[in-house]
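Heads up, the thing below is written out as structure tokens.
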Amino acid sequence: MEQLAERILKGELRALARGITHIENDHPEKQALLTTLFSRTGEAHVIGITGSPGAGKSSLVNGLIKVWRKEGKTVGVVAVDPTSPFSGGALLGDRVRMRDHEEDEGVFIRSMGTRGSLGGLSEACKDAIRLMDASGLDLVIVETVGVGQSELDIMKVADTVALVLYPSGGDVIQAFKAGIMEIADLFVINKADLPGVGQLKGEVEDLLHLTAEQKQWKPPIVETVSIEGKGMEETVRLLNSHYHHLSESGENREKKITQLETEITRRMKDSFAGEISSLVADELQRMAKAGETPDPYETAETLYEKWKRQLADSPGHGN
């Protein structure tokens with residue numbers, strides 16, 4: 001695994017693909033690989049592209065990649081697709097998307113399934129982003145499945161979040177209700193050659209006033225026609241501007257700390273969950289044999305205290 005890590009750090013795309021496969025398959029040395037590479041992460045600009053189906057997210061990403069490649073930037077893309085209920089894999093393959101960049105060694109595209117994750121992004125997806133970052137890619141783009149409450153998960157991994165809307169999409173109010181409006185750093189009105197652009201822009205501006213907070217960064221609105229390449233340079237400029245703002249204001253450090261706090265808390269909860277489930281099962285079995293009917297409130301409190309005592313008495317605790 002050390003050899004694989006070294007190859008990933010050198011930017012070898014085949015090694016990167018193999019590393020992500022190890023993560024998806026829960027390889028026994030997965031954690032060792034991630035631990036080895038973690039210290040070499042944090043340099044890539046991670047951008048989340050979210051929006052409802054039909055907004056043209058893939059064509060937008062395709063157009064943005066062209067601009068970045070002209071600038072000499074290397075780009076990684078995690079295209080999050082719905083998970084097949086039969087195979088467990090992504091329903092849409094990466095070769096269906098962004099075919100313009102298939103032969104480009106400066107672009108790495110990977111389709112990944114949600115795998116039933118309620119947060120919209122699976123743990124494997126989040127770890128894949130970290131591997132792409134460690135490989136030296138300048139930008140990592142995460143294109144999500146759709147827009148809704150579950151898509152709030154994107155803010156836990158991305159530096160910059162772009163919400164893609166389109167005229168007659170009817171999703172502005174839904175995005176507002178779901179809280180997406182509050183996490184977006186940039187609003188992209190795609191398919192701006194369709195009727196209703198002015199009305200949509202007005203709705204976004206009105207909702208931004210409702211959610212206005214004392215923030216240094218005011219989310220801009222950009223109009224694009226991604227299939228024609230219109231508005232791509234301006235979108236890239238605004239994405240770059242937000243990233244520079246994060247660095248200059250110090251918000252990037254605050255954001256990273258918050259993201260790490262969330263990740264560490266979740267990983268600890270996952271570790272504790274198995275122990276607690278076993279404790280509960282044993283207690284319920286004991287009570288059933290004794291003919292006792294468990295009071296869920298009292299039982300939970302009793303087991304919690306018991307679990308704390310076991311933790312305190314465990315070897316090495318407090319050292």
Side-chain angles (χ1 to χ4, degrees), residues 45-68 77-82 92 97-98 114 119-121 139 141-213 215 217-243 245:
H45 181 189
V46 182
I47 299 172
I49 305 291
T50 188
S52 63
K57 296 188 296 293
S58 292
S59 60
L60 177 70
V61 172
N62 189 50
L64 295 177
I65 292 174
K66 291 179 180 179
V67 177
W68 278 314
V77 180
V78 180
V80 182
D81 292 316
L92 302 177
R97 303 169 177 266
M98 309 166 214
T114 55
L121 300 180
L139 300 114
I141 314 302
V142 185
E143 181 196 331
T144 66
V145 176
V147 66
Q149 188 66 36
S150 64
E151 295 308 301
L152 293 174
D153 206 31
I154 190 66
M155 71 177 183
K156 298 174 184 176
V157 297
D159 300 308
T160 304
V161 177
L163 174 60
V164 187
L165 306 167
Y166 67 104
S168 305
D171 52 2
V172 177
I173 300 299
Q174 292 304 316
F176 173 69
K177 290 180 179 178
I180 304 295
M181 299 289 292
E182 297 177 34
I183 69 165
D185 302 301
L186 172 66
F187 293 91
V188 180
I189 298 180
N190 196 26
K191 304 183 180 181
D193 53 341
L194 297 178
V197 173
Q199 180 182 348
L200 175 58
K201 188 173 182 179
E203 290 176 357
V204 173
E205 289 173 342
D206 289 343
L207 290 174
L208 282 176
H209 286 308
L210 290 175
T211 59
E213 296 180 16
K215 293 182 179 179
W217 176 263
K218 305 298 182 184
I221 304 171
V222 62
E223 297 177 18
T224 63
V225 183
S226 57
I227 58 173
E228 298 178 7
K230 294 181 179 179
M232 298 299 102
E233 290 83 2
E234 178 66 6
T235 303
V236 166
R237 185 186 70 79
L238 292 171
L239 290 170
N240 291 340
S241 292
H242 180 258
Y243 192 54
H245 162 75

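Given the structure is predicted, the values throughout are model-derived calculations rather than measurements.
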Inset, instruction - Check side chain to side chain donor-acceptor pair (under 3.5 Å) between D159 and all other residues, then give those that pass, not counting sequence neighbours. - result: K256

Inset, instruction - Could you tell me which non-hydrogen atom of V157 sits nearest to which non-hydrogen atom of V46, and how far apart they are? - result: O-CG1, 3.5 Å

Inset, instruction - Could you label the plane-to-plane angle of the W217 and H245 rings as parallel, tilted or perpendicular, counting under 30° as parallel and over 60° as perpendicular? - result: tilted

Inset, instruction - Taking all non-hydrogen atoms of both residues into account, name the closest pair between L186 and P220 and its distance. - result: CD1-O, 3.5 Å

Inset, instruction - Grab the two heavy atoms, one from V161 and one from I183, that are nearest each other, plus how far apart they are. - result: CB-O, 3.7 Å

Legend entry - Qualifying residues under side chain to side chain donor-acceptor pair (under 3.5 Å), relative to E233, sequence neighbours excluded: none

Legend entry - Spacing of OG1 belonging to T50 relative to CD1 belonging to I154, to within rounding of 0.5 Å: 7.0 Å

Inset, instruction - Check the surroundings of atom CD in E228: do more than 12 heavy atoms from other residues, nucleotides or ligands lie under 6.0 Å from it? - result: yes

Inset, instruction - Establish, from distance only, whether the side-chain atoms of S226 and N190 form a donor-acceptor pair under 3.5 Å. - result: yes

Inset, instruction - Specify the closest pair of heavy atoms between P219 and F187, including all atoms of both residues, with the distance to one decimal. - result: CB-CE1, 3.6 Å

Inset, instruction - Evaluate the side-chain proximity of I141 to W68: yes if any heavy-atom separation is below 4.5 Å, no if none is. - result: yes

Legend entry - Test side chain to side chain contact (heavy atoms under 4.5 Å, CB included) applied to E205 - qualifying residues, sequence neighbours left out: K201, I221

Legend entry - Residues which pass side chain to side chain donor-acceptor pair (under 3.5 Å) with T235, listed by chain and number, not counting sequence neighbours: none

Legend entry - salt bridge (Lys or Arg N to Asp or Glu O under 4.0 Å) pairs, two or more places apart, involving residues 46-55: none

Legend entry - Whether K57 side chain and V164 backbone form a donor-acceptor pair below 3.5 Å: no

Inset, instruction - Grab the two heavy atoms, one from A184 and one from L163, that are nearest each other, plus how far apart they are. - result: CB-CB, 4.0 Å

Inset, instruction - State the CD1-CG distance between I47 and L64, to the nearest 0.5 angstrom. - result: 7.5 Å

Legend entry - Interatomic spacing from CD in E223 to CG in D193 - rounded to 0.5 Å: 10.5 Å

Legend entry - Closest approach of T224 to G231 (non-hydrogen atoms, all atoms of both residues): CG2-O, 3.7 Å

Legend entry - CA sep, side-chain torsions, deciding dist, call: V188, L238, side chain to side chain contact (heavy atoms under 4.5 Å, CB included): CA-CA 10 Å; V188 180; L238 292 171; over 6 Å; no

Inset, instruction - Look up atom CE in M155 and atom OG1 in T160, then write down how far apart they are to the nearest 0.5 Å. - result: 14.5 Å

Legend entry - Value rounded to 0.5 Å, distance of CG in L60 from CD1 in I65: 10.0 Å

